[in-house]
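Computed from a predicted model, the values in this text were never measured in an experiment. Chain naming here is simple, since letters A, B, ... match the order of the sequence lines and numbering starts at 1 in each. Hydrogens, waters and symmetry mates are skipped; everything else that's a heavy atom, side chains included, is used.
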Amino acid sequence: MIDKNVLNSQQQLAVDTTEGPLLILAGAGSGKTKTLTNRIAHLIHDKKVDPFNILAITFTNKAAGEMRDRVCAMVGEGGERIWVTTFHSTCMRILRRHIDRLGYDINFTVYDSDDQKTVMKNVCKKLNIDTKSYKEKTLLNAISGAKDNLITAAEYSLETFGDFTKIVIARAYKEYQDQLKKSNAVDFDDIIMLTVQLFKENPEILEFYQDRFKYISVDEYQDTNKAQFELIRLLADKYRNLCVVGDDDQSIYKFRGANIRNILDFEEFYPDAKVIKLEQNYRSTQTILDAANAVIANNRSRKSKRLWTAEGAGHKIRFMQLDNAYEEADTIVDEISTSVRRDGCSYNDFAVLYRTNAQARLIEERLVIRGIPYNVVGGTNFYARAEIKDMIAYLKTIENGLDEVALRRIINVPKRSIGTATIDKLLDFAEITDDSLYGAMQNADNISGLGKASLKIGAFVKLIEGRRAEISKIGIAETLKKIIEETDYYEYLKDQDEESADDRISNVDELVNKAVAYEETAEDPSLTGFLEEVALVSDIDNIDNGDGRVLLMTLHSAKGLEFPRVFIAGMEDGLFPGMTTISSGDNEDMEEERRLAYVGITRAKEYLTITCAKMRMLRGETQFNPVSRFVREIPGELIDGMVPGNRLSRSDFDEDDYERRYSSGRPSARLKSYATPEARKPAMQSEIKNLNAIAGLSKGMPAANPGELSFKTGDTVRHRKFGTGVVTSISKEPRDYKVTVDFDAYGTKIMYASFAKLEKV
DNA sequence: TTTTACTTCGTTTTT
DNA sequence: CGAAGTAAAA
């Protein structure tokens with residue numbers, strides 16, 4: 001590794017090229033962040049550009065944060081005045097000030113994909129769209145694609161060309177958009193598209209921001225879509241000081257609307273653009289780079305680039321084909337623990353990458369058995385959890401009473417006797433009076449036929465109004481606490497599901513903590529700001545690898561990261577590249593998969609191990625997959641281990657042996673979602689214990705056999721919460737007794753004996 | 001209204 | 001195979 005402060009000639013050239021359009025083609029590990037930060041420092045120090053006039057856009061909050069820190073460290077005073085943000089936060093800031101020009105209220109809320117689905121369900125119901133033939137997700141994808149390409153609902157309906165599917169989409173699009181607007185809400189795609197629309201319709205606003213952002217840089221440019229391109233094009237149009245940095249070989253988000261042509265056609269759009277290639281790699285060994293180069297060379301639509309390093313060849317790439325996915329997981333984990341013992345490296349030197357999240361499971365299991373600390377990156381988002389969404393919905397309702405998705409989520413949660421019938425009456429009234437649902441609730445006294453429900457509605461409105469009135473005084477965290485208290489939310493969680501209540505309560509507590517943290521750190525804390533952060537920040541931004549854990553993640557999540565030792569698991573034709581990509585025969589899709597392989601390979605600094613399985617269970621089907629074509633594209637001399645090219649068949653396996661070892665009596669790890677991997681571990685541990693017990697690995701495990709109960713059918717028992725009741729039946733399960741109890745006060749409940757802690761009375 | 005039984009359907013997803 | 005969602009039943 002060279003001196004952090006010394007730039008190579010190409011990097012220096014990029015730093016010095018401050019005026020006019022500039023395309024930096026930065027290969028993996030070529031020090032592009034360093035170049036970008038130095039370039040900004042150069043603008044401020046040497047070119048005397050006011051930091052106020054600089055805009056640096058990245059894709060993730062994490063990248064933005066890192067760059068902000070590095071820029072601040074370099075330029076010192078004034079550095080914090082640079083806008084270093086994501087596309088979405090940039091646009092949010094602009095929309096917060098001007099969205100009234102587009103007919104929205106300034107306190108609009110943001111809908112996540114969950115909310116979008118809720119809206120789309122309503123849309124389909126209202127328009128009588130058969131969700132069997134047109135799934136919500138498909139419709140939303142189509143709409144999202146349209147928005148990425150700046151096509152409005154009206155425009156879409158003009159371009160259906162009689163295609164029935166498109167006509168349906170057009171209708172859904174229009175209604176969906178109407179509902180969002182009625183709720184004074186925007187979705188992620190709107191955030192970009194509406195900003196572009198705002199600029200196009202209001203030249204004076206555009207010019208204000210053009211004058212503000214005289215120097216613009218965009219990172220990960222290969223992942224921009226048309227709307228994002230249009231946005232920066234507009235912003236840069238006056239001064240034309242636009243610097244984009246990207247690597248066409250790392251464009252892996254086409255399915256989300258990223259347009260690789262943005263980078264490939266940059267020079268056509270800006271004929272005076274300067275192009276600088278950063279090809280010297282400071283991350284990986286030459287062997288790893290050679291492999292990456294060889295693989296990506298099979299792609300046709302790309303700008304030619306060849307990574308090289310001044311460092312040595314390093315170790316060969318290891319390749320192992322295992323019999324099945326269990327062996328694969330076992331081998332990987334074994335390698336990790338052996339390396340740690342032998343080489344004295346630490347767990348956080350390792351990352352295991354895979355194509356699909358589902359692959360994490362088996363590897364996780366093995367890691368738990370070995371007691372190796374790990375973290376699974378991605379998966380379920382903290383803010384997507386039901387209990388968190390409930391709390392957020394309360395806050396959203398306080399912020400924006402028009403937000404119908406939020407309101408309907410909590411209108412009867414916890415139960416307050418405002419059922420569907422009542423809601424329908426309210427909606428009818430709202431329709432007639434051209435008011436919102438919340439507006440109707442405020443007028444509940446004037447609506448006939450609500451009966452007792454109007455009292456309940458009044459209480460709910462009072463709750464919301466009360467919080468709304470004092471939130472600016474007492475703050476967000478306190479407001480949350482009051483909501484929890486007033487609604488008796490924790491009790492509600494316990495009622496819902498005794499078993500998961502503790503986890504969920506700690507999740508909610510965690511949200512309160514986040515609110516506290518937000519109020520302490522934000523320069524101008526507000527409910528608006530908090531909700532925005534919640535909507536725009538995912539917890540993937542919080543991965544740090546300083547705590548000695550092996551990281552497990554998808555290849556997509558790994559982009560932008562690096563690790564001394566990398567495993568890429570499941571490199572099989574049929575899994576990576578996936579079956580759909582192979583059978584579609586679409587070369588563009590295949591090239592995207594190949595770029596993903598390229599991203600994976602280039603994450604490794606010193607060691608790269610590639611594994612695959614001959615036999616793998618996929619979607620309940622046993623598959624026999626050949627070694628991935630991407631592995632076969634790596635020159636043999638770089639690989640330690642033989643790469644078989646032949647197709648595998650069933651006869652290659654001793655199926656009886658397989659059954660005996662991996663299938664019989666094997667309980668599937670029924671893991672629920674937990675807030676953190678830590679929270680999930682106890683459940684895993686007991687799962688594994690059972691697994692071992694059944695596999696006979698450790699004998700006499702009492703957990704597998706519930707033993708005897710202190711009561712029998714007909715006995716009266718006491719439950720901590722439900723009081724006393726009569727046992728009506730007991731059934732024996734592999735691991736526990738399932739007891740049915742008819743409680744005096746709570747009716748009949750079925751529960752597991754080990755959880756319910758029933759006492760004979 | 002709540003629980004249970006059955007069907008359906010599957011990549012990746014920075015915001 | 002399993003999650004998630006839906007229909008049916010209690």
Side-chain angles (χ1 to χ4, degrees), chain A residues 57-64 85-92 110-113 117 121 131-132 135-137 141 144 148 186-192 219-220 222-225 227-228 250 252-258 325 353-359 361-362 377-381 383-384 412 415 417 419-421 495-497 532-541 543 553-561 570 574-582 584 589 592-593 595-597 599-600 616-623 663 666 668-673 740 746-750:
Chain A
I57 295 178
T58 62
F59 265 79
T60 66
N61 294 293
K62 189 168 186 258
T85 49
T86 63
F87 268 105
H88 292 264
S89 342
T90 305
C91 291
M92 281 298 277
V110 178
Y111 278 2
D112 65 16
S113 48
K117 209 174 165 200
K121 270 186 183 159
T131 50
K132 285 252 163 60
K135 277 169 281 170
E136 289 96 339
K137 216 178 117 193
N141 272 335
S144 172
D148 287 344
V186 301
D187 64 23
F188 282 122
D189 303 308
D190 282 337
I191 293 173
I192 311 290
D219 198 3
E220 305 282 11
Q222 75 280 356
D223 290 328
T224 52
N225 59 36
Q228 289 162 333
Q250 291 190 66
I252 54 174
Y253 284 103
K254 183 184 152 195
F255 68 94
R256 281 205 86 249
L353 312 180
Y354 36 78
R355 180 65 238 263
T356 65
N357 279 124
Q359 290 169 256
R361 253 227 170 93
L362 282 179
V377 177
T380 3
N381 187 337
Y383 294 107
N412 201 30
K415 292 265 164 346
S417 313
T420 353
D495 281 347
Q496 284 286 295
D497 182 37
E532 214 161 290
E533 188 164 306
V534 165
L536 263 34
V537 176
S538 74
D539 48 352
I540 215 153
D541 295 317
I543 54 161
M553 68 184 95
T554 62
L555 288 149
H556 280 90
S557 309
K559 199 182 73 171
L561 306 175
L575 183 62
F576 183 33
M579 205 54 230
T580 34
T581 309
I582 294 170
S584 81
D589 288 352
E592 173 132 331
E593 291 281 297
R595 289 192 289 271
L596 196 52
V599 167
R616 181 186 298 273
M617 196 70 129
L618 218 64
R619 290 205 218 135
E621 256 186 306
T622 307
Q623 305 222 308
S663 302
R666 188 179 176 282
S668 56
R670 244 177 278 283
L671 295 172
K672 316 179 53 154
S673 36
T740 311
Y746 286 83
T748 304
K749 304 261 179 192
I750 295 171

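- The side chain of E593(A) lies closest to dT12(B) when the candidates are dT6(C), dT12(B), dT14(B).
- For T580(A), the listed nucleotide lying nearest its side chain is dT11(B); candidates were dT11(B), dA3(C), dT2(B).
- Going from the P atom of dA4(C) to that of dT13(B) covers 15 Å, rounded to whole Å.
- Base pairing of dG2(C) is made with dC9(B), judged by Watson-Crick or G-U wobble geometry with both donor-acceptor distances under 3.5 Å.
- In this structure, of dT11(B), dT13(B), dC1(C), it is dT13(B) that holds the atom nearest to the side chain of R256(A).
- Spacing between atom OH of Y253(A) and atom P of dT12(B) amounts to 11 Å, rounded to whole angstrom units.
- As rounded to the nearest Å, dT12(B) and dG5(C) have P atoms that lie 16 Å from one another.
- Looking at heavy-atom distances under 4.0 Å, S89(A) makes no contact with the nucleic acid at all.
- D219(A) has its CG atom 17 Å from the P atom of dT14(B), to the nearest Å.
- Atom NE2 of H556(A) is separated from atom P of dT12(B) by 9 Å (rounded to the nearest Å).
- Applying the 5.5 angstrom centroid cut-off and the 30 degree plane-angle cut-off, the aromatic ring of F255(A) is not stacked upon the base of dT13(B).
- K135(A) comes within 4.0 angstrom of sugar-phosphate atoms only, judged by non-hydrogen atoms across all strands, and of no base.
- D148(A) has no carboxylate O lying under 4.0 Å from a charged side-chain N of R256(A), or vice versa, which leaves the two without a salt bridge.
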- Item | Full working for salt bridge (charged side-chain N to carboxylate O under 4.0 Å, His left out) between D495(A) and K415(A) | CA-CA 11 Å; D495(A) 281 347; K415(A) 292 265 164 346; over 6 Å; no
- Take H556(A) and Y354(A) through the ring-ring contact (aromatic ring centres under 6.0 Å, His included) test and state the conclusion after the steps. CA-CA 9 Å; H556(A) 280 90; Y354(A) 36 78; over 10 Å; no
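- Of the residues near DNA chain B, F59(A) and Q496(A), the one whose nearest nucleotide (by heavy atom distance) lies more toward the 5' end is Q496(A).
- The shortest distance between the side-chain N/O atoms of T554(A) and the OP1/OP2 oxygens of dT11(B) is not below 4.0 Å.
- A donor and an acceptor atom, one from each side chain of T85(A) and T90(A), are located under 3.5 Å apart.
- Rounded to an integer number of Å, the gap from R355(A) CZ to dT11(B) C1' is 5 Å.
- What separates NZ of K137(A) from C1' of dT11(B) is a distance of 9 Å, to the nearest Å.
- Nucleic acid contact for D112(A): none, since no nucleic acid atom lies under 4.0 Å from a heavy atom of the residue.
- Counting heavy atoms from C-beta outward, D589(A) and F255(A) have side chains that stay 4.5 Å or more apart.
- Closest to the side chain of T60(A), from the set dG2(C), dT14(B), dT11(B), is dT14(B).
- Residue Y354(A) contributes atom OH, which lies 14 Å from atom C1' of dT13(B) at whole-angstrom precision.
- Under 4.0 angstrom from either OP1 or OP2 of dT11(B) there lies no side-chain N or O belonging to N357(A).
- Mapped onto DNA chain B by nearest heavy atom, T420(A) and R619(A) fall at different nucleotides, with T420(A) at the one closer to the 5' end.
- Within the 4.0 angstrom heavy-atom criterion, no nucleotide atom of any strand lies near K254(A).
- Computed from coordinates, the I252(A) CD1 to dT13(B) P distance equals 9 Å when rounded to whole Å.
- As rounded to whole Å, 17 Å separates atom P of dT13(B) from atom NZ of K117(A).
- A donor-acceptor pair shorter than 3.5 Å can be found between the side chains of D189(A) and S144(A).
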